[in-house]
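See below for the structure under consideration.
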There are 2 protein chains.
Amino acid sequence: MGRRSTFSDDDVFAAVGRMLVRDGEVRMQSVVEETGVSVGSLYHRFGSREGLLARAWLDTLGAFHARFLAALDQPGEVPGLAAALETPRFCRAEPDKALILVCCRRSELMSDNTPEALQAELAAANDRVMVAIDAFCRHTGLPLEIARLGLIGFPLGAVKLYLPGEPVPEALDAEIERAYRAVVLPRLASS
Amino acid sequence: MGRRSTFSDDDVFAAVGRMLVRDGEVRMQSVVEETGVSVGSLYHRFGSREGLLARAWLDTLGAFHARFLAALDQPGEVPGLAAALETPRFCRAEPDKALILVCCRRSELMSDNTPEALQAELAAANDRVMVAIDAFCRHTGLPLEIARLGLIGFPLGAVKLYLPGEPVPEALDAEIERAYRAVVLPRLASS
DNA sequence: CCCATATTAGAACATTATTTCTAGAACAAA
DNA sequence: TTTGTTCTAGAAATAATGTTCTAATATGGG
């Protein structure tokens, strides 16, 4: 099988997030210093700087999307509320990935030079979410703009007050719920 | 008096915002291409890359703070609501600066290498806002966390759904107001 | 007009970053 | 043990970026 790795992808991705938030940029040299992994190993694993950054972004997005889409399907008293609350929960469950999800832009990690296969992966991931939200809107009768606001806009804005640095308090969830109800309930077709 | 400038600070700051959002980074070379201003002129005006970026950030922050603080003092039916709505209004009134305010982090524009005078300016600006929000909380009896959420967290999360690219719709303000009322009104000492 | 001043201009230089490359280490199977 | 494979390691080569510098351009006042 050959030699075993001495480092995990996640170690490197976490360092990427920390550096982006702290320095506003990611240098290969900084990754080497921050993780203790040698340059050669990084290039062996990720091919290029662009590849490394893109995979960090896709890793984060994938982890969040999995939870978000599962929650969106979940039935509940208030449709979609569970999905809205998935954002603060994700921040507590995966603080390293949350740094990337909440504090960074896609354009910091992916560009036109990103390997094509990874660009395609991103497009596919985005498509899945768009399809799911569209279905949610058709099912509930909610306008797309309202759904986006309650499901993503408000929750993201809320957790961003704490990241990076502080943990996202449990009490925040109740406030996100208030905001969600305030914008969503008036638009729900009363069943 | 000497020769007159052929470019304004704002031209350059706007380019900085566009590039950060588009490329995730700011190269001096890109600023030259994007603005048509020569490298020499940029260094003459701003001293260094760090200085240029910091001044772009301070310029944006100053413009927003001026409006926000004025709105926060303004009396109204619901205390603070005008300040909460200042975020979407700022995005419409100053779309270039909004790009920096809403889509970028401070760490992308200022670091430990930033000229000390500009670091001090930032600290002073942040202090002024913190003092004002503290006073607002004392005056209304609102917990700080709730005030931050309603005044900043939710409005910022909302406009971020549109920037960069789309203009922030007027209709969004009503939704921000709903969210603001939902989290703030229950906590207001009934007068 | 001529001087002092402020600004522009971009080539040359210095610095810093990314990438490649070669040698060697760890591991599994034959 | 030998062999094939995968991974580590970091110095060297390559590429790119930030900065300086000198000359030239524009403007207003004496």
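Throughout, a chain's letter reflects where its sequence line sits, starting with A, and its residues are numbered from 1. These figures come from a predicted structure and were not determined experimentally.
- If you check every strand for non-hydrogen atoms under 4.0 Å, B/Val31 touches nothing.
- Donor-acceptor pairing under 3.5 Å, judged by distance alone, is absent between the side chain of A/Arg27 and the base of C/dA17.
- Straight-line distance from the CZ atom of A/Phe46 to the P atom of D/dC7: 11 Å, rounded to whole Å.
- What separates CG of A/Asp9 from C1' of D/dC7 is a distance of 13 Å, to the nearest Å.
- Atom-to-atom, OH of B/Tyr43 to P of C/dT8 comes out at 16 Å; the value is rounded to the nearest Å.
- Taking atom NE2 of A/His44 as the reference point, atom C1' of D/dT5 lies 10 Å away to the nearest angstrom.
- Geometric assessment of B/Arg148 against the ring of A/Tyr162 yields a positive cation-pi assignment under the 6.0 Å and 45° thresholds.
- Partner of A/Ser8 under the side-chain hydrogen bond (donor to acceptor under 3.5 Å, both in side chains) criterion, chosen from A/Asp10, A/Thr6, A/Asp11: A/Asp11.
- Between A/Glu25 and A/Arg4, it is A/Glu25 whose nearest contact on DNA chain C lies nearer the 5' terminus.
- Taking only side-chain atoms of A/Arg3, from C-beta outward, the nucleotide of C/dA9, D/dT19, D/dT8 with the closest atom is D/dT8.
- Atom P of nucleotide D/dG10 and atom CD of A/Glu33 are separated by 13 Å, given to the nearest angstrom.
- Protein atom CE of A/Met19 is 11 Å distant from nucleotide atom P of C/dA17, rounded to whole Å.
- Within 6.0 Å of atom CD in A/Glu166, more than 12 heavy atoms from other residues, nucleotides or ligands are found, so the atom counts as buried in its surroundings.
- If you take CD of A/Gln29 and C1' of C/dT19, they are 13 Å apart, rounded to a whole angstrom.
- OP1 or OP2 of D/dT8 has at least one side-chain nitrogen or oxygen of A/Thr6 nearer than 4.0 Å.
- Straight-line distance from the CE atom of A/Met28 to the P atom of D/dA12: 20 Å, rounded to whole Å.
- The OG atom of A/Ser48 sits 7.5 Å away from the CE atom of A/Met28 when rounded to the nearest 0.5 Å.
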